[in-house]
Amino acid sequence: MSSPLLHPSLSLMKLLVNSNSAFLNPSKNPLINYLLRISIYNHFCAGTNEDEVKRTVRDMKQLGFTGVILGYGREIVVKQDDSNTKTDQSESRRVAYENAVEEWKQGNLRTLKMIGSGDYLSMKFTGAGPAAVEALSRGDPVPPDSIKEAMREICSEIASQGSRLWIDAEQQVFQSTIDKWTLDLMREFNRNGSVVVFNTIQAYLKSSAETVNEHLLLAQQEGWTLGIKLVRGAYIAHDIRDRIHDTKEETDKNYNCIVEKLLTRQFLFPVDNTPDSKFPDVRLFLASHNAESVQKGHLLHRHRILSGDPTIPLQYGQLHGMADEVSCELVAESKRMNASNAKEKEAAPKAFKALCWGTTEECLHFLLRRAVENKGAVERTKHMADALREEAWRRLLRG
Ligand SMILES: Cc1cc2nc3c(=O)[nH]c(=O)nc-3n(C[C@H](O)[C@H](O)[C@H](O)COP(=O)(O)OP(=O)(O)OC[C@H]3O[C@@H](n4cnc5c(N)ncnc54)[C@H](O)[C@@H]3O)c2cc1C
């Protein structure tokens, strides 16, 4: 990431992602596959098959992580036969769309078999292909039947194995409809103390505090558990800028404010005559690489548990291969607190790593996004590089 090779490597990655040439396809060219694996794939991805992924998941848990969040890297591409007549074309389109949904469902069910109780399956609705993208673009209040059925089947499997589901947040044009579809899943599966589905809230959106408040009210009125995965938001470069906070500081403030309100069991905006007992059952997952937000959240949560104040269950997650200093600090703190008294044990942070799996070819889009996102990693992780250098010297000198 720091060498002069960065820019040419990024251009090469873009070429590989967009090319149809067999020579540049990592599944067909072993040299390209090998170079991608040693340079970037092994750093960010969990493995290409069940055995490799299960080994990575086991290693993460042995390191002290509470669990993992696993997603399948494959992005569905629909192929159609152009030579058909008009009616045949619409029929072949319907079949192609349904095949894409079926592939997506099978990919997710296969991924689910690689994780265990307490782990998360992560998925994007747009992963179901054009049927989902078209329904989301139209703002359909319910998904097409094939997607609805697939989601029911996946959620039932998740519930029966004691795992959980993360629905990723995407671009603004889709997001309000994604919220609606996910709320329906929470209504159905987050009942009677069981929590299966988590929705993602993007704190960079000016509307995010209101959205959280609306969801809190719905959960309170209808009696189900609200699962929130809180992120800052990843689509700033492509989305409508006006709807996003004007500065990074405002996004940070909003993110930290939502965390504080939820951990202290308060609505984001005043709600008439709502005593604390009426605050709904909520689970919060902080998906962030920002050390300050993670620390603030942990200190407040810990303080409330140790002083006997009411709060909500809290978990943390970072992407595999990124912000290891944030993740490992949580793991170290968790080990320290778990070795202490019962109250400290209860407040020990629960850290997760988010992993992507698939062949090198299937993960190419995911890898390109990681490479672009880490262009600024040299600056951001300078303190981490300094700490590693210091530790290396300490060990050498001690040796
Ligand atoms: C485990 C995990 C899961 C994720 N899942 C999703 C997901 O489902 N959907 C999604 O959209 N993102 C997702 N993300 C990405 C996330 O939204 C952020 O892009 C990324 O984590 C960087 O934000 P940060 O909280 O780590 O902190 P930082 O690195 O401190 O914050 C960077 C973020 O601040 C915001 N920002 C930067 N500049 C400005 C500005 N000028 N004005 C306003 N805001 C600004 C942007 O959101 C930017 O990404 C996920 C991240 C993680 C770690």
Side-chain angles (χ1 to χ4, degrees), residues 44-61 65-76 100-129 132 143 146-170 178-179 181-186 188-190 194-201 225-231 234 283-287 313 315-320 350-359 362-363 365-366:
F44 290 113
C45 294
T48 56
N49 56 46
E50 268 88 342
D51 288 344
E52 285 179 18
V53 176
K54 281 184 174 163
R55 206 175 312 129
T56 311
V57 172
R58 200 188 49 225
D59 290 350
M60 289 291 150
K61 292 186 181 174
F65 285 97
T66 307
V68 297
I69 305 117
L70 187 64
Y72 185 26
R74 176 155 187 200
E75 298 183 12
I76 309 288
V101 173
E102 183 60 23
E103 265 184 55
W104 172 72
K105 183 182 89 179
Q106 293 305 335
N108 281 309
L109 289 173
R110 201 172 151 209
T111 308
L112 189 58
K113 294 281 162 273
M114 302 178 199
I115 58 174
S117 166
D119 292 329
Y120 288 79
L121 173 75
S122 114
M123 74 158 63
K124 278 186 171 48
F125 273 122
T126 53
S146 56
I147 297 180
K148 204 165 155 186
E149 285 313 308
M151 286 309 299
R152 283 235 175 92
E153 192 178 332
I154 294 168
C155 286
S156 302
E157 280 293 313
I158 292 178
S160 68
Q161 87 170 41
S163 304
R164 284 168 187 183
L165 173 68
W166 258 19
I167 304 285
D168 284 348
E170 306 190 45
I178 292 178
D179 284 346
W181 294 4
T182 312
L183 286 175
D184 276 344
L185 290 173
M186 287 202 263
E188 186 171 347
F189 290 93
N190 291 9
S194 104
V195 192
V196 178
V197 182
F198 278 62
N199 189 30
T200 304
I201 298 286
T225 303
L226 177 62
I228 296 180
K229 162 193 167 196
L230 190 63
V231 300
R283 305 295 149 94
L284 180 60
F285 197 114
L286 301 190
Q315 295 177 327
Y316 312 84
Q318 289 79 38
L319 295 172
H320 180 43
K350 294 172 180 58
F352 288 70
K353 271 289 189 196
L355 314 168
C356 173
W357 81 276
T359 62
E362 286 169 337
C363 292
H365 283 95
F366 171 84

Separation between CG (L70) and CD1 (I115), nearest 0.5 Å, reads 6.0 Å
CD of E149 to NZ of K105, rounded to nearest 0.5 Å, is 9.0 Å
Examine distances only and state if a side-chain atom of S163 and a backbone atom of G116 form a donor-acceptor pair shorter than 3.5 Å. yes
For F285 and W166, the nearest pair of non-hydrogen atoms, with its separation, is CE2-CZ2, 3.5 Å
Nearest heavy-atom contact between T66 and K61 is O-CE, 4.4 Å
Test side-chain contact (heavy atoms from CB on, under 4.5 Å), reference F198, set T200, V195, I201, output is V195
* To do: Would you indicate whether the side-chain heavy atoms of M123 and T111 approach each other to under 4.5 Å?
  => no
For the residue pair W357 and Y72, does the interplanar ring angle fall in the parallel (under 30°), tilted (30 to 60°) or perpendicular (over 60°) class? parallel
Discussion item. Strictly below 4.0 Å, N to O, side chains only: are K353 and D59 in salt-bridge contact?
Written reply: no
Closer than 3.5 angstrom, by distance alone: can the side chain of N190 be matched with the main-chain N or O of V196 as a donor-acceptor pair?
yes
Smallest heavy-atom separation, L112 atom then L121 atom, equals N-CD1, 4.2 Å
Discussion item. Taking E157 first and then K113, would you say they form a salt bridge - that is, a charged N and a carboxylate O separated by under 4.0 Å?
Written reply: yes
